[in-house]
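Below is one structure, written out as structure tokens; the observations come after it.
Bear in mind the structure is a predicted one, so any value in this text is a computation, not a measurement. In what follows, chains are A, B, ... by sequence order, proteins preceding strands, each numbered from 1.
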Protein chains: 2
Amino acid sequence: MKAYQVDNLTFQIDFSQPLYEQVLMQMRSLIAKGAIGLGEKIPSVRDMAHDLKINPNTVMHAYQELERDGLIEKRRGQGTFVTQSGSRIQQFRNHFAADYTQNYLDKMHALGFNLREINDYIKTQQSGGLSQ
Amino acid sequence: MKAYQVDNLTFQIDFSQPLYEQVLMQMRSLIAKGAIGLGEKIPSVRDMAHDLKINPNTVMHAYQELERDGLIEKRRGQGTFVTQSGSRIQQFRNHFAADYTQNYLDKMHALGFNLREINDYIKTQQSGGLSQ
DNA sequence: TTTAGTGTACTATATGATATAATACACTTG
DNA sequence: CAAGTGTATTATATCATATAGTACACTAAA
């Protein structure tokens, strides 16, 4: 279990999933939530790799995905920065929210839940919190 | 794109995901939805492998997972059968539904959506997407 | 101009998951 | 015994993931 800290924000990685994917998802989350501001510099590939004790190539992999997402911009020699475009981030949020939601609904349908049952289910999960 | 038919039910597999996982999910779905009845015989490993044009070991892999799920029982020399226990299937449905739901809510939270926004989002997806 | 800090590119290597192939064995039923 | 089951084993191949090491390109600041 390794931890990384961006300003006053921290995230952890483990061995349950691909490392680059965990870095990717955590950074996506921090940027989408606005925890890292527009145009703000994010850690260099080498720095984050050093702090997480993983290979720079692995961080690079994550950063390349973030660039494809349109969430960051890389400037050779300067560093990597969150996009200036707030609308691009909103677009990203909506795209993935739609994707996650459709995916979730498909899986629930596969288990034989209809729409009303899914709505009920979410309510119980929300109030109850974690698993049961 | 290969198709398999169980009685009057069909499913397809492609190359976008591991083959054994697709067989697993499709069979889980058919059993959880009750499309295959309690105690009913499911295709032999060799038969399904032949029809889907994949290796018997791959089907075996899926069937072993289904057995761990408690959804099927294998009888050496006879074949493989859906469990007799309806409550076991309900338990499975609830377990996975809770898992999927928690997972979904976590991802949406990571994007910065709160509970009310998630509920609104699902409503828009429902009206636009599949029907029950 | 030099140096330090960036991103980038490439080669090599290792491991695990996935998938196939081929064969043999164990058990049940007719 | 024969046919149809599930099971087990060994071998091979491919791909994703991850690491290691090295070198290059660019920028800003000393």
Checklist entry - Parallel under 30°, tilted from 30 to 60°, perpendicular over 60°: which one fits the rings of B:His61 and B:Tyr20? => result parallel
Checklist entry - OP1, OP2 of C:dT20 versus side-chain N and O of B:Thr58: anything below 4.0 Å? => result yes
Checklist outcome for this item: The reported gap from NE2 in A:His95 to CG in A:Asp69 (rounded to nearest 0.5 angstrom) is 8.5 Å
Item to check | Nearest-angstrom distance from the residue atom NE2 of A:His61 to P of C:dG7 | outcome: 17 Å
Report, one pair per line, the protein and nucleotides 13-16 of chain C atoms (nitrogen or oxygen only) whose separation is under 3.5 Å.
none

Next on the checklist: Between P on D:dT17 and CG on A:Leu24, what's the gap in Å once rounded to a whole number?
Outcome noted: 11 Å
Checklist entry - If you measure only the distance, is there a donor-acceptor pair under 3.5 Å linking the side chains of B:Tyr104 and A:Thr101? => result yes
Item to check | Nucleotide C:dA19, atom P - distance to CG of B:Asn55 in whole Å | outcome: 10 Å
Checklist entry - Parallel, tilted or perpendicular for B:Phe96 and B:Tyr100, by the 30°/60° rule? => result perpendicular
Checklist entry - Could you state the NE2-C1' distance from A:His50 to C:dG5, rounded to the nearest angstrom? => result 15 Å
Checklist entry - Atom CD of A:Gln22 and atom C1' of D:dA18: how far apart are they, to the nearest Å? => result 13 Å
Next on the checklist: Exactly one of A:Ile122, A:Asn103, A:Ile118, A:Asn114 should register a side chain to side chain contact (heavy atoms under 4.5 Å, CB included) with A:Met108. Which one does?
Outcome noted: A:Ile118
Item to check | Candidate nucleotides D:dA18, D:dT17, C:dA19, ranked by approach to the side chain of A:Glu21 - the nearest | outcome: D:dT17
Checklist entry - Within a radius of less than 6.0 Å around NE2 of B:His109, do more than 12 heavy atoms belonging to other residues, nucleotides or ligands occur? => result yes
Could I get a table of every N or O pair under 3.5 Å where one atom is in the protein and the other is in nucleotides 3-10 of chain D?
from  : atom 1 : to      : atom 2 : distance (Å)
D:dG4 : N2     : B:Gly77 : O      : 3.1
D:dT5 : O2     : B:Gly77 : N      : 3.4
D:dG6 : OP1    : B:Thr80 : OG1    : 2.9
D:dG6 : OP2    : B:Val45 : N      : 3.0
D:dG6 : N7     : B:Arg46 : NH1    : 2.8
D:dG6 : O6     : B:Arg46 : NH2    : 2.8
D:dG6 : N2     : B:Arg76 : NH2    : 3.2
D:dT7 : OP2    : B:Lys74 : NZ     : 3.0

Next on the checklist: For B:Gln90 and B:Asn94, which I'm curious about, is there any donor-acceptor pair between the side chains at under 3.5 Å?
Outcome noted: no
Checklist entry - Looking at CD1 of B:Ile36 and CG of B:Leu30, how far apart are the two atoms once the value is rounded to the nearest 0.5 Å? => result 5.0 Å
Item to check | Polar side chain donor-acceptor pair, B:Ser85 to B:Thr83, under 3.5 angstrom | outcome: no
Checklist entry - In whole angstrom, what separates A:Lys53's NZ from D:dA20's P? => result 13 Å
